[in-house]
Amino acid sequence: MSVSKKLVGAAIAAAAGVALLAPATAFAGTNDNTCLSGDNCLYFNSNYQGAVAGFEFAVYDFAGYNFRGPGNGAGQPVKNNAASDYNNDPNCTVWVWYNHGYQGPADAIAPQRGLPQLQHTYNQNASQSWTC
Amino acid sequence: MDLLNSSSVASPGIPSGRRAALAIAGLTLLAGCSSAPAVGDIPTLTSTAGIHLPIEQYMPSSAQAARVTDALSTLTAQCMHQHGFTYPVTRAVAGIGVLDRRYGITDAGNGYHLPAGQLPSPPPVAAHSPAELTALTGDSQGRTRPGDPAGCLGEAQHKLDSGGATYGTSPIARQVDHDSFDASKADSRVQAVFAQWSACMKDAGYRADSPMDVPPDSMSVTTPKPSAAELAMATADVACKRRTNLVGVWFTVETAYQRQLIDQHADELDRARAGLAAELKLVDSVNGG
């Protein structure tokens with residue numbers, strides 16, 4: 001996902017029209033690096049260390065969200081930047097995807113389970129979806 | 001982001017090219033001395049429905065994962081009941097499989113949107129009193145320190161991850177699943193089919209180096225229905241995949257890498273399979289068969 005993506009032709013105009021759909025908030029997470037019940041929590045560092053970003057909804061594209069402090073990575077972008085993940089939802093499996101738009105390989109994480117180091121999406125986390 | 005376990009090092013300024021180089025170095029460490037495996041006849045595949053990667057026999061299927069989630073819910077509810085609280089038992093639906101959208105979309109009917117039923121966010125966590133939250137999570141505000149689950153949820157998770165049973169997918173199965181993907185993506189035979197697909201896309205008016213590059217970052221699919229532009233791109237993408245047999249080539253090459261990796265990690269994977277079998281037995285007893 002580090003390859004730049006470009007469009008040609010008429011699609012540019014169409015894409016520009018939807019680029020305004022930025023996330024409502026640039027920050028997501030707790031102020032003490034814990035993970036709230038119901039959230040999928042991405043961490044800047046391995047082993048659930050560093051700054052955190054928690055999302056209880058599906059995220060088509062992590063672009064625009066930043067990690068929340070304290071700690072390593074506070075204020076850094078979430079997209080393609082997470083090292084570990086804890087799914088703190090009691091009922092739903094989360095898929096963290098390699099590409100935005102829920103594509104490519106994904107790390108599936110069961111409810112109340114974590115990955116101390118993301119596998120497919122280590123520094124390559126682009127989107128997340130749920131199955132409940 | 002951290003760099004391959006060196007969790008104390010912040011590295012916000014590393015250019016993406018350098019990051020890719022570091023990732024390749026990490027892959028080499030994990031995968032050992034794999035060489036490009038030979039493949040036989042390459043089947044023509046227009047989708048990944050009904051086919052399986054070898055590593056899937058070491059992982060819970062989406063239907064099995066749903067049964068495990070059901071058991072977590074049942075055990076949590078039993079524990080909450082013991083604490084004097086009611087707690088709804090939920091039943092999970094089977095989710096996405098390992099191969100679903102792995103090589104990108106293979107059906108353009110819904111654009112790049114997920115099929116119906118796969119996108120919903122979890123229902124909001126029910127409003128619990130501080131006492132309920134404490135029983136459920138060990139914290140009156142529901143805050144959890146990952147790796148140290150507490151409360152009824154922690155207890156339920158622990159029950160499903162002990163006595164030889166493994167809760168969720170084992171680390172070794174995840175590792176093989178990942179290493180085969182990266183190795184196959186970099187393989188010359190897959191790179192060649194990427195080039196054919198890219199040329200086909202160019203003829204349709206799109207520039208993209210590989211199916212991992214579409215849809216572009218600038219295209220949002222958060223709308224309830226796919227846009228005309230999204231549908232047009234998805235249609236070209238799927239047509240080009242079919243014309244170049246991209247799915248057939250990638251799947252066949254990745255399967256060969258997985259077989260190689262499975263041979264290299266046979267003992268660990270046998271233990272993972274035993275952990276999964278024990279888990280499914282445990283889950284059946286919890287769910288009542």
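We use all heavy atoms of the structure for the numbers below, so side chains are in, but hydrogens, waters and symmetry mates are not. The sequence lines fix the lettering, A, B, ..., with proteins before strands; numbering per chain opens at 1.
Side-chain atoms of N66(A) and Q76(A) form no donor-acceptor pair, as typed in the model, at a separation below 3.5 Å. N88(A) and D39(A) are not linked by any side-chain donor-acceptor pair at a separation below 3.5 angstrom, with hydrogens and angles left out of the test.
Heavy-atom pairs under 4.5 Å with chain B peak, among G50(A), G101(A), P116(A), G114(A), at G101(A). Chain B forms the most heavy-atom pairs under 4.5 Å with one residue out of P77(A), C35(A), S84(A), A108(A), and that residue is C35(A). Most heavy-atom pairs under 4.5 Å with chain B: of the set L115(A), T93(A), D85(A), D107(A), this distinction falls to L115(A). The residue among P105(A), A110(A), A106(A) with the most heavy atom pairs within less than 4.5 Å of chain B is P105(A).
Proximity to chain A (any heavy atom under 4.5 Å) is shown, for T144(B), by both the backbone and the side chain. When heavy atoms are compared at a cutoff of 4.5 Å, L160(B) does not approach chain A at all. For A51(A), no part sits under 4.5 Å from any heavy atom of chain B, backbone or side chain. N91(A) touches chain B through backbone and side chain together, each having a heavy atom under 4.5 Å away. Heavy-atom distances place no part of N40(A) under 4.5 Å from chain B, backbone and side chain included.
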Item to check | Derivation of the ring-ring contact (aromatic ring centres under 6.0 Å, His included) call for F194(B) and W250(B) | outcome: CA-CA 9 Å; F194(B) 282 180; W250(B) 198 348; 5.1 Å; yes
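Salt bridge status for D177(B) with R102(B): present, with a side-chain N to carboxylate O gap under 4.0 Å.
Here the shortest heavy-atom pairing between P149(B) and G154(B) reads CB-CA, 3.6 Å. Across every non-hydrogen atom of S129(A) and W97(A), the tightest pair is OG-NE1, 3.0 Å.
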